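Structure, as structure tokens:
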Amino acid sequence: VRLFLFSSTGIFLSFTNIHLNFLSTKSRSLHSGYFPFDDIELDATINCFKVGGSQTDPPINYVTWGEQGSQVEFTFSPYLSSCNLTEQNNFIVLNLGDNIYDTIGTIGGEGGSHSSRFVIQSPKQMNDSISILVRKRDYSTAKAKCIEILNTYPDSILSLGAVSKLFLSVTASDTTHAGMQELKNYYEGLILANGGNAELVKRANYYIQKCKVRLHDYSSALSGFQQIINQNPYNFEGLRARWDYMATSLLLQGQGGGERGISDLGLGISDSKQSDESDKSYESDELWNDKSPYSKEQRQDIRKSINTAFETTKSIDEQMIKKLEDNSRSGDIKSQKQLNQKRALQQVIKTEKPKNIVEHMKIVQQDIQKVLGGEVKSKSGKESNIPLEFSLSQNYPNPFNPVTTIKYALPNDVKVIVRIYDILGREVKTLVNDFQKAGYYDAKFDGSNYASGVYFYRMEAGEFVQSKKMVLIK
């Protein structure tokens, strides 16, 4: 089974080779969600549903094929040997706490068993093992497995996931400064050894910046995130870096929970110099601390690999944008939707420094709504979507007597002006002159005091300007 989920931050996540586990409770609460793909055959067998000592009733769920689509019919039986909580050949049982148990299939992965330490494993088997180890919270063994797959199969696409799981494993098992410094050095060595693998280089570079944050090297991390933002204006890598940039800027302002300054950790940059150093690029030798094991030449190779990877990706993205534009002009609806999302990403992906955590969370939520079209509540309580582009609709009714409605859409917060003009181009009324938040709006024009005839309405919102004609008939 391949299961896709959206995380709380809106990032699209993919999990492979997992069982669908729904836990029933005494209250038989509803588990709901949807799969963003078409109806396919789906098995949910070899699962144990057990909360405490009860397993008589299957879990209640409402999962659909696509949002608001038809309901997925799961086959939850047969249960595993009456849900005996013992490990068998092809699965393990995890105690998740609070008297809740879960099962994980282990076909293709031995979960860190020492008995197969000397058995040659495929990237898939190793990746499955890492996933199981992380679920078991055996982070030390997961760390070793991540390094093993990265060193053995660096060109496998499954190794990309090991980069993030390695960071998770280290931060969960080793909170020391030395452990994080060692991880940062490892990521740099990974880039040095795999300079031609653009995706691996970019992924490792991103987590180098995360390591810098953990090391309280905020100024250098800001520079690194800014480079990612600048080179990824059309994809989610740039959006993720934008959010990390904002969070790191709060830490630099001292709003992250009392973190110590960089000088406290002996990284060579004092607190007094942080703000001055924040605009330096990743390429500056001053941002390499004295704990780096790499020579000046090796550092130059690492920088070159990072820059080359960014240039390659940006070139591919620009070619994709051009292709989507061409297809959209030909009437391809799917391409138009993809192009709208790319343009929405381009609008939001930029550096920004929120004043506090509350503002940071608000900006992230707005980004998600603009890019993914997340649902928001209007003042009336009705749900609406944040549009992906500016638009001005034809008034209705048209012709009208004496009142008509003009609708328009704003993909982001902007100053909006809507004015009415007569056939001679004279302004007769200003309907809107205000700063408005992203969303859908409508303005009404009452022509009771105006003569019959042709009128024009014009909307200005930032760089967006558009006019339309309407007719008043009495």
Side-chain angles (χ1 to χ4, degrees), residues 3-15 31-36 64 66-68 164 168 206 209-210 213 218 221-222 225-226 228-230 232-257 337-391 407-416 434-442 461-462 464:
L3 172 63
F4 298 90
L5 300 171
F6 282 103
S7 72
S8 59
T9 56
I11 300 301
F12 201 58
L13 307 175
S14 171
F15 300 87
H31 300 273
S32 62
Y34 69 91
F35 293 120
T64 61
E67 189 172 10
Q68 298 180 345
S164 57
L168 168 64
Y206 169 73
Q209 313 315 317
K210 300 281 280 186
V213 174
Y218 302 134
L222 283 173
F225 287 134
Q226 182 169 5
I228 297 173
I229 291 169
N230 294 342
N232 292 274
Y234 299 109
N235 59 56
F236 286 99
E237 292 179 36
L239 182 62
R240 179 177 59 180
R242 162 178 162 79
W243 295 342
D244 283 318
Y245 182 94
M246 290 191 292
T248 305
S249 71
L250 290 176
L251 294 174
L252 189 60
Q253 298 170 34
Q255 297 190 38
K337 290 182 178 179
Q338 293 177 345
L339 181 62
N340 288 343
Q341 186 178 73
K342 295 291 185 182
R343 287 174 173 170
L345 282 167
Q346 185 183 26
Q347 289 179 0
V348 303
I349 295 177
K350 57 186 177 182
T351 58
E352 194 165 352
K353 294 183 178 181
K355 297 177 181 178
N356 49 54
I357 295 175
V358 174
E359 184 178 346
H360 178 208
M361 294 174 64
K362 181 179 179 181
I363 293 173
V364 170
Q365 183 63 33
Q366 290 174 346
D367 288 350
I368 293 172
Q369 293 168 351
K370 293 174 185 177
V371 174
L372 300 177
E375 292 181 343
V376 294
K377 296 284 185 179
S378 64
K379 290 183 179 180
S380 63
K382 297 182 179 180
E383 293 183 347
S384 61
N385 290 328
I386 297 296
L388 295 179
E389 59 182 1
F390 288 98
S391 66
K407 289 183 173 289
Y408 55 95
L410 309 175
N412 49 38
D413 304 349
V414 68
K415 173 70 176 295
V416 180
D434 195 11
F435 185 87
Q436 296 181 325
K437 292 188 175 297
Y440 292 95
Y441 293 86
D442 58 74
F464 177 84

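Keep in mind that the numbers below use all heavy atoms, side chains included, and drop hydrogens, waters and symmetry copies. Source: prediction; values computed, not measured.
- Here the side chains of Phe390 and Val414 are in contact, with some heavy-atom distance below 4.5 Å.
- Between Met246 and Val364, some side-chain heavy-atom pair lies under the 4.5 Å cut-off.
- Inter-residue side-chain proximity for Phe435 and Val416 is flagged as unmet; no heavy-atom pair is nearer than 4.5 Å.
- No side-chain heavy atom of Tyr206 sits under 4.5 Å from any side-chain heavy atom of Glu237.
- Taking the side chain as every heavy atom from C-beta outward, Gln366 and Asp413 approach each other to under 4.5 Å.
- With a 4.5 Å cut-off on side-chain heavy atoms, Tyr440 and Lys407 do not count as touching.
- For Lys342, the salt bridge (Lys or Arg N to Asp or Glu O under 4.0 Å) test picks out no residue, with sequence neighbours left out.
- Using a 4.5 Å heavy-atom threshold, the side chains of Gln209 and Asp244 count as separate.
- For Arg242 (side chain) and Val348 (main-chain N/O), a donor-acceptor pair under 3.5 Å exists by modelled atom type.
- Proximity of a side-chain donor or acceptor of Asn356 to a complementary backbone N or O of Val358 within less than 3.5 Å is detected.
- At least one side-chain heavy atom of Val371 sits under 4.5 Å from a side-chain heavy atom of Phe236.
- Crowding of Lys337 atom NZ: a count of heavy atoms from other residues, nucleotides or ligands under 6.0 Å not exceeding 12.
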